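This report concerns only the one structure given below.
Predicted model, so just to flag it, every value in this text is computed and none were measured. We use all heavy atoms of the structure for the numbers below, so side chains are in, but hydrogens, waters and symmetry mates are not. The first residue of the sequence shown is numbered 1, and numbering continues consecutively from there.
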Amino acid sequence: MTTVQKIKEIEDEMVIFTQKNKATSYHLGLLKAKIAKLRRELISPTGGGGGGGAGIGFDVARTGVASVGFVGFPSVGKSTLMSKLTGTHSEVSEIDFTTLTTVPGTLKVHGAPIQILDLPGIIEGANDGRGRGRQVARTCNLIFIVLDVLKPLGDKKIIENELEGFGIRLNKKPPAILVRKKDKGGIAITNTVPLTNIDQDEIKAVLSEYKLSNADVTIREPNCTTDDLVDVIEGNRIYIPAVYIDAISIEELDLLYKIPHSVPVSSKEWLNIDELIENMWEALELVRVYTKPRGQSPDYSAPVVLRRGRCTIEDFCNAIHKEIAKQMKYAIVWGASAKHARGQKVGLDHVLEDEDVVHISKR
């Protein structure tokens with residue numbers, strides 16, 4: 001029996017236990033954990049198998065300060081939009097699956113080079129090893145999901161399910177759940193929020209399936225589910241922001257704006273592209289920092305681009321050259337992160353904001 005068939009068999013069994021109660025919760029937790037373990041085999045296959053190659057990621061060299069992947073069903077306009085954004089030629093046709101390999105391009109936004117990847121069209125069942133699901137960008141910093149305007153909500157749900165099955169969580173943060181193994185003492189469960197969607201029997205069932213008989217579980221995640229607990233234990237989930245793109249007419253604009261994280265555009269008429277690019281910039285959470293040599297004006301032509309959360313003076317120094325941080329005596333910062341308009345003297349742990357200006361004084 002194949003892995004996909006095993007998953008289907010367990011899912012069919014779960015249908016019997018749709019009415020959740022104290023008698024069935026333990027068994028449901030056990031089944032969900034079993035499915036997650038089987039899905040792990042599809043995410044990181046040990047052997048060959050079909051579906052676009054083994055392993056995670058792409059056979060494309062990483063360039064730019066961040067990468068954005070275009071995902072969608074075949075022939076929804078991904079290639080047309082990417083070609084116009086980047087000037088990169090990606091085969092355009094009305095025929096399904098014209099794009100068979102990942103096509104890279106580069107788009108410069110606010111001085112920062114962003115790598116754009118046109119991915120092979122998603123098909124339903126790609127996460128089960130069919131189609132080219134293995135080329136979905138677990139390595140991307142942002143995913144653009146291009147929807148068919150005639151059935152945007154249906155396509156949205158299918159694509160989300162495919163990416164979820166491949167271990168990608170869209171527009172979510174890692175759950176505030178801690179599972180700590182220990183040598184003895186059994187299972188201890190602590191929660192600082194009410195457990196509304198999971199109970200202790202389900203938690204113990206999941207832990208049992210993963211052979212965790214001694215562990216401390218701390219739950220601080222509101223509305224935590226069994227799936228959240230499984231994600232934390234598996235530890236291989238990727239949390240990526242997503243923007244939904246709808247190729248639309250003016251009449252459909254109001255309807256599509258109601259989809260969360262959605263940006264309606266027309267690649268043919270080149271409408272609303274500016275909003276799409278700004279949404280991309282905000283979702284990537286990039287921070288531009290300008291250098292200022294001693295006695296000279298700041299260089300605004302080539303910013304050092306950092307990611308929010310990793311944008312200290314030390315990160316800034318390492319982005320230029322790893323030796324600079326060791327040689328630094330202090331730094332002077334002008335901009336949003338500085339306390340004074342005339343500049344502030346700071347150390348390596350100072351956190352920078354977008355469009356700050358930095359001068360490094362060496363020993």
Side-chain angles (χ1 to χ4, degrees), residues 52 67-86 88 90-100 102-103 105 107 114 116-128 130-138 140-172 238-284:
S67 60
V68 178
F70 275 74
V71 174
F73 279 94
S75 305
V76 293
K78 294 189 294 99
S79 300
T80 301
L81 183 56
M82 177 181 163
S83 296
K84 289 192 175 184
L85 279 172
T86 66
T88 302
S90 184
E91 197 69 35
V92 178
S93 170
E94 295 298 319
I95 303 171
D96 285 356
F97 301 106
T98 308
T99 304
L100 298 177
T102 303
V103 180
L107 172 66
I114 311 295
I116 307 293
L117 302 172
D118 183 12
L119 311 180
I122 287 283
I123 62 167
E124 191 168 2
N127 73 68
D128 292 332
R130 292 183 279 133
R132 303 191 69 84
R134 303 212 184 285
Q135 288 185 291
V136 173
R138 283 172 59 92
C140 283
N141 303 112
L142 172 66
I143 291 179
F144 277 167
I145 298 178
V146 185
L147 302 174
D148 186 339
V149 69
L150 298 177
K151 43 185 174 58
L153 296 178
D155 279 8
K156 177 177 180 286
K157 185 174 181 180
I158 292 170
I159 291 171
E160 286 174 344
N161 286 341
E162 295 304 310
L163 296 178
E164 286 266 333
F166 206 74
I168 294 174
R169 302 293 179 258
L170 300 175
N171 296 318
K172 294 179 181 177
I238 305 294
Y239 297 84
I240 306 177
V243 173
Y244 299 89
I245 304 173
D246 314 275
I248 49 91
S249 64
I250 297 299
E251 293 76 18
E252 295 153 333
L253 191 65
D254 289 341
L255 171 65
L256 293 172
Y257 260 123
K258 294 176 181 177
I259 300 176
H261 307 286
S262 177
V263 181
V265 302
S266 171
S267 54
K268 184 178 180 181
E269 303 296 334
W270 208 239
L271 297 174
N272 216 32
I273 302 301
D274 288 346
E275 182 180 346
L276 174 63
I277 292 173
E278 283 305 313
N279 268 263
M280 177 182 72
W281 178 261
E282 290 174 12
L284 286 171

Step-by-step side-chain contact (heavy atoms from CB on, under 4.5 Å) determination, F144 to L81:
CA-CA 11 Å; F144 277 167; L81 183 56; 5.9 Å; no
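The side-chain heavy atoms of D155 and V146, taken from C-beta on, include no pair separated by under 4.5 Å. I245 is listed as a side-chain neighbour of F70, based on a closest heavy-atom distance under 4.5 Å. Looking at F73 and I158, their side chains come closer than 4.5 Å, going by heavy atoms from C-beta outward. In this structure the side chain of V68 never reaches within 4.5 angstrom of the side chain of V243, judged on heavy atoms.
The two atoms that bring R169 and E164 nearest to each other are NH1-O, 2.8 Å, heavy atoms only. Scanning both residues, M280 and L107, for their nearest heavy atoms gives CE-CD2, 3.7 Å. The shortest non-hydrogen separation linking L170 to A242 is CD2-CB, 3.9 Å. What you find for L142 and P241 is that their closest heavy atoms are CD1-O, 3.2 Å. Contact detail for C140 and S67: the closest heavy-atom pair is CA-OG, 3.4 Å.
The salt bridge (Lys or Arg N to Asp or Glu O under 4.0 Å) search around K157 returns none, not counting sequence neighbours. In terms of the side chain to side chain donor-acceptor pair (under 3.5 Å) criterion, N279 has no residue partners (sequence neighbours excluded). With sequence neighbours excluded, the residues forming a side chain to side chain donor-acceptor pair (under 3.5 Å) with E278 are H110, listed by chain and number. The ring-ring contact (aromatic ring centres under 6.0 Å, His included) search around Y244 returns none, not counting sequence neighbours.
To the nearest 0.5 angstrom, K156 atom NZ is 10.0 Å from N161 atom CG. The line from CD1 of I159 to CG of L147 is 6.0 Å long, rounded to the nearest 0.5 Å. To the nearest 0.5 Å, the span separating CD1 on I143 from CD1 on I240 amounts to 4.0 Å. Separation of atoms CG (L117) and OG1 (T86) is listed at 10.0 Å; rounding is to 0.5 Å.
Only one option out of D118, I116, I277 pairs with L85 in a side chain to side chain contact (heavy atoms under 4.5 Å, CB included); it is I277.
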